[in-house]
Amino acid sequence: MIITFFKRFCWFWVLVFTQALILNNVHFFGYATPFLYIYLLLKFDANMSRYSLLMWGFALGLAIDIFSDTPGLNAASATLLAFVRPTLLKLFAPRDSADDFSPGIHSMSLGPFMRYVSAASLIHQTALILLLTFSFAHPLTMLLKVVSGALFPTLCIWAIESTRK
């Protein structure tokens with residue numbers, strides 16, 4: 001239990017510093033910034049309580065907000081993602097999987113895992129862009145930002161998952 005918490009805590013800070021120091025400065029064509037920190041929320045065990053997920057999601061988003069100078073945008077988006085994650089996992093996890101599995105390519109297979117990550121990334125990015133712009137004045141630009149912003153974390157998570165054992 002303590003070792004699991006310590007691993008999560010280390011992943012938390014590695015992802016926060018990677019996001020704050022490197023990925024927040026990467027902007028593809030002025031539209032997409034890869035938000036890799038959602039990887040932590042997506043990798044928690046399937047049987048983790050919703051309350052714990054919400055606390056981790058809020059803390060993760062708040063840490064990103066503190067380092068990125070975005071007042072509550074990432075905290076709200078990460079908390080929303082933590083709230084809908086159990087539902088997404090039920091939708092995309094194989095029916096014969098155990099209740100305590102950790103989502104990943106090896107436990108879910110490539111197709112369902114990538115659909116799970118894509119849906120979660122789309123939800124997170126949509127919430128983030130809607131909170132950031134707070135307007136529907138340019139819907140095509142917003143759609144381009146949401147889709148491109150969801151594509152890059154999905155590709156990054158796929159790359160990490162395919163190299164991990």
Side-chain angles (χ1 to χ4, degrees), residues 7-44 48 50 52-89 91-92 102-105 108 110-164:
K7 284 181 184 178
R8 289 178 184 162
F9 191 72
C10 288
W11 267 104
F12 178 93
W13 286 110
V14 165
L15 288 172
V16 165
F17 286 130
T18 302
Q19 183 70 44
L21 299 175
I22 299 169
L23 295 176
N24 280 348
N25 298 318
V26 175
H27 304 289
F28 294 105
F29 307 111
Y31 290 105
T33 300
F35 289 101
L36 186 61
Y37 71 90
I38 64 171
Y39 179 64
L40 180 68
L41 294 175
L42 299 178
K43 285 297 288 181
F44 283 135
M48 188 172 201
R50 188 168 285 208
S52 297
L53 276 172
L54 289 172
M55 294 302 291
W56 276 98
F58 180 74
L60 184 61
L62 188 63
I64 296 295
D65 283 332
I66 289 170
F67 287 110
S68 303
D69 198 29
T70 53
L73 299 177
N74 290 295
S77 300
T79 305
L80 175 68
L81 179 60
F83 182 75
V84 299
R85 181 196 169 266
T87 306
L88 289 175
L89 203 52
L91 285 173
F92 296 112
S102 178
I105 288 177
M108 294 175 68
L110 181 63
F113 181 72
M114 291 311 293
R115 287 191 294 272
Y116 164 67
V117 170
S118 299
S121 187
L122 271 172
I123 289 170
H124 175 266
Q125 193 66 24
T126 302
L128 189 67
I129 295 299
L130 285 175
L131 288 171
L132 185 64
T133 59
F134 211 68
S135 169
F136 289 107
H138 304 286
L140 291 177
T141 305
M142 283 179 47
L143 183 64
L144 181 63
K145 285 183 178 184
V146 167
V147 171
S148 62
L151 178 68
F152 290 112
T154 303
L155 292 175
C156 292
I157 289 171
W158 171 73
I160 291 171
E161 273 294 306
S162 61
T163 58
R164 287 185 72 201

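Looking at heavy atoms from C-beta onward, H124 lies out of side-chain contact with L80 at the 4.5 angstrom threshold. Contact of the W158 side chain with the I105 side chain is registered, since non-hydrogen atoms from C-beta on lie closer than 4.5 Å. With a 4.5 Å cut-off on side-chain heavy atoms, L88 and L42 do not count as touching. Between Y39 and V117, the closest side-chain pair of non-hydrogen atoms is not below 4.5 Å. Taking 4.5 Å as the limit, some side-chain heavy atom of F17 sits within range of a side-chain heavy atom of F67. The closest side-chain heavy-atom distance from L89 to Y116 is below 4.5 Å.
Ring geometry for F9 against F12 counts as parallel: the plane angle stays under 30°, on a 0 to 90° scale with 60° as the upper cut.
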- Do L36 and I160 pass the side-chain contact (heavy atoms from CB on, under 4.5 Å) test, and can you show the C-alpha distance, the side-chain angles, and the key distance before you say yes or no? CA-CA 10 Å; L36 186 61; I160 291 171; 3.9 Å; yes
Pair L110, E161 - check side-chain contact (heavy atoms from CB on, under 4.5 Å), show working. CA-CA 10 Å; L110 181 63; E161 273 294 306; over 6 Å; no
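With hydrogens and angles ignored, the 3.5 Å screen pairs no side-chain donor or acceptor of S68 with any backbone N or O of D65. At distances below 3.5 Å, not a single donor-acceptor pair connects side-chain atoms of T79 with backbone N or O atoms of L54. R85 places a side-chain N or O within donor-acceptor distance of the main-chain N or O of L41, the cut-off being under 3.5 Å. A donor-acceptor contact shorter than 3.5 Å is absent between the side chain of K145 and the backbone of A32.
The minimum heavy-atom distance between A127 and S77, with the atom names listed, is C-OG, 3.7 Å. Pairing each heavy atom of T33 with each of Q19, the nearest pair is CG2-NE2, 4.5 Å. Smallest separation of non-hydrogen atoms from A150 and S121: O-OG, 3.0 Å. Nearest heavy atom pair, residue K43 against residue P103, reads NZ-O, 2.6 Å.
Taken from CG in L151 to CZ in F28, the straight-line distance is 9.5 Å, to the nearest 0.5 Å. From N24, atom CG reaches atom OG1 of T70 across 7.5 Å, with rounding to the nearest 0.5 Å. To the nearest 0.5 Å, the span separating CE on M108 from CE on M114 amounts to 11.0 Å. For the atom pair CG (N74) and CD1 (I38), the distance works out to 11.0 Å, reported to the nearest 0.5 Å. Atom CG of residue L15 and atom CG of residue L23 lie 9.0 Å apart, to the nearest 0.5 angstrom. To the nearest 0.5 angstrom, T87 atom OG1 is 11.0 Å from F92 atom CZ.
Residue-environment remark: CZ (F83) stays at or below the threshold of 12 foreign heavy atoms within 6.0 Å. Other residues, nucleotides and ligands contribute at most 12 non-hydrogen atoms within 6.0 Å of the CG atom of D69. The number of heavy-atom neighbours closer than 6.0 Å to CH2 of W11, taken from other residues, nucleotides and ligands shown, is above 12. Within a 6.0 Å radius of CG in L21, more than 12 heavy atoms belonging to other residues, nucleotides or ligands are found.
Applying the salt bridge (charged side-chain N to carboxylate O under 4.0 Å, His left out) criterion to R8, with sequence neighbours excluded, gives D45. Residues that satisfy the ring pair (Phe, Tyr, Trp, His ring centres under 6.0 Å) test with F44, not counting sequence neighbours, are W56.
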